[in-house]
2 protein chains.
Amino acid sequence: MPASPAEASTQIDRIHAVGARATPARIAVLRLLESAESALSHREIEEALATGFDRVTLYRVLDWLVESGLGHRITDGERVFRFSLAAPANASHAEHAHFRCECCGKMFCLADIPVPAPALPAGFSGKAVEYCVTGQCARCETDVSSDES
Amino acid sequence: MPASPAEASTQIDRIHAVGARATPARIAVLRLLESAESALSHREIEEALATGFDRVTLYRVLDWLVESGLGHRITDGERVFRFSLAAPANASHAEHAHFRCECCGKMFCLADIPVPAPALPAGFSGKAVEYCVTGQCARCETDVSSDES
DNA sequence: ACGACACATGCAACAAGGTTGCAACAAAGA
DNA sequence: TCTTTGTTGCAACCTTGTTGCATGTGTCGT
Ligand SMILES: [Mn+2]
Ligand SMILES: [Mn+2]
Ligand SMILES: [Zn+2]
Ligand SMILES: [Zn+2]
């Protein structure tokens, strides 16, 4: 089933809104991230998009995503970058906490949980804060508890 | 100037205390991290230790450092691990905040700043928290301000 | 002091994630 | 439709970190 034209044009508008060209790779990545429940790595995106976009093209789309402000990049603590969409159009992408599941490896944006403000030593000036919790996500938790021996 | 024997024996004792063999590479890394003001990457350690320890040996020493509990590892958000010593012998290495300077790239352990406890959504269970602030460190701040045009 | 043994080291090869240079290509606007 | 300028694909490369295996060495018992 091909993507509905209406859905695609939503993404095209978003791309044009930041003054960029709407290319198939960008549209596909936007659509994928839109439907993702967790932040995705380059690898995951490459696999989800069965279409044969070149590795480098995807890297460049992801760079563009972040630079244009349409998405943001986080590091998952295991040396890989993960990407998700910024808050849809309206609010500026407020700083928020992240959660990484050690079981399934997924990375969640906890948009509801505010990041506590830092208290820095004298002379230090902070700009951004990264707050990431690791543990088990809701799904993995239930999977484990229903797997009693 | 060669390392004082007294200094070296301090490191040797620490290594023996965790039931490990005191090798030149381990002693050198411990001594270096002891005197470091910020968490060091493998690369930085390799360069600081002019001695020709093999790349892999240093990686293994760093792995051992963390596994033995003598040190801890953090990710600096740019896909590299950094290492620093755990609190010297006495207290267990409590969770603490980190600061990464965007200017000089150094990573500081803010041992005094406690990490705020997370409030997670239902079903999620957290184990560890990573709290890292990025900005400008005290030194870079003064360097910039004394560089007025 | 000596020897045995377990553990640590060096080397080479490998792996994953990401970047760069450049020629060919295609959105967007005229 | 044409032109322009930004984007793509490909090949090569880089950085960080890991693995296998033969050789070397710290430690402990004697
Ligand atoms: Mn996020
Ligand atoms: Mn630390
Ligand atoms: Zn999970
Ligand atoms: Zn600095």
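The sequence lines fix the lettering, A, B, ..., with proteins before strands; numbering per chain opens at 1. Side chains are part of it too, since the values below use all heavy atoms of this structure and drop only hydrogens, waters and symmetry mates.
- Nucleotides of DNA chain D nearest to A:F53 and B:R82 differ in position, and the one nearer the 5' end is that of A:F53.
- Screening residues 56-67 of chain A for side chain to side chain donor-acceptor pair (under 3.5 Å) gives no qualifying pairs among residues at least two apart or on separate chains.
- Looking at heavy atoms from C-beta onward, B:V80 lies out of side-chain contact with B:H42 at the 4.5 angstrom threshold.
- Judged as a salt bridge (Lys or Arg N to Asp or Glu O under 4.0 Å), and not counting sequence neighbours, A:R26 has no contacts.
- Atom CG in A:D13 sits about 15 Å away from atom C1' in C:dA27, given to the nearest Å.
- Rounded to whole angstrom, the span from the CD atom of A:E78 across to the P atom of D:dG17 amounts to 11 Å.
- In this model, the phosphate group of D:dT15 is not approached by any side-chain N or O of B:R79 to a distance below 4.0 Å at OP1 or OP2.
- Proximity of A:Y59 to the phosphate of C:dG18: a side-chain N or O atom is located under 4.0 Å from OP1 or OP2.
- For the pair A:D76 CG and C:dG18 P, the interatomic distance rounds to 9 Å; values are reported in whole Å.
- Side-chain atoms of A:A25 lie closest to D:dT8 of the nucleotides C:dT9, C:dG17, D:dT8.
- With salt bridges taken as basic N to acidic carboxylate O contacts below 4.0 Å, none links A:D76 and A:R100.
- The side chain of B:V56 lies closest to D:dT18 when the candidates are C:dA8, D:dT16, D:dT18.
- Under the 4.5 Å side-chain criterion, counting only non-hydrogen atoms from C-beta, A:T75 is in contact with A:E130.
- The CD-P distance, from B:E67 to D:dT18, rounds to 10 Å in whole Å.
- Under the side chain to side chain contact (heavy atoms under 4.5 Å, CB included) rule, A:R73 has a single partner from A:L62, A:L65, A:V66, which is A:V66.
- Taking atom CG of residue A:D54 and atom P of nucleotide C:dG21, one finds them 17 Å apart after rounding to whole Å.
- Residues B:M107 and B:E44 are not in side-chain contact: their nearest non-hydrogen atoms beyond the backbone lie 4.5 Å or more apart.
- Taking 4.0 angstrom as the limit, B:R43 places a side-chain polar atom (N or O) nearer than this to OP1 or OP2 of D:dT16.
- The nearest whole Å value for the distance from the CD atom in B:E44 to the C1' atom in D:dT16 is 13 Å.
- Taking the side chain of B:R60 as heavy atoms from C-beta on, and the options D:dT19, D:dA12, C:dA16, the nearest nucleotide is D:dT19.
- Closest to the B:R55 side chain, of the nucleotides C:dG18, C:dG10, C:dA13, is C:dA13.
- Taking atom CZ on A:R73 and atom P on C:dG17, their separation rounds to 15 Å, with Å as the unit.
- For the pair B:D63 CG and D:dT16 P, the interatomic distance rounds to 16 Å; values are reported in whole Å.
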Tabulate protein N/O versus nucleotide N/O from nucleotides 26-30 of chain D, keeping only pairs under 3.5 Å, one per line.
from: D:dG26; atom 1: N2; to: B:R21; atom 2: NH2; distance (Å): 3.1
from: D:dT27; atom 1: OP1; to: B:H16; atom 2: NE2; distance (Å): 2.5
from: D:dT27; atom 1: OP1; to: B:A22; atom 2: N; distance (Å): 2.8

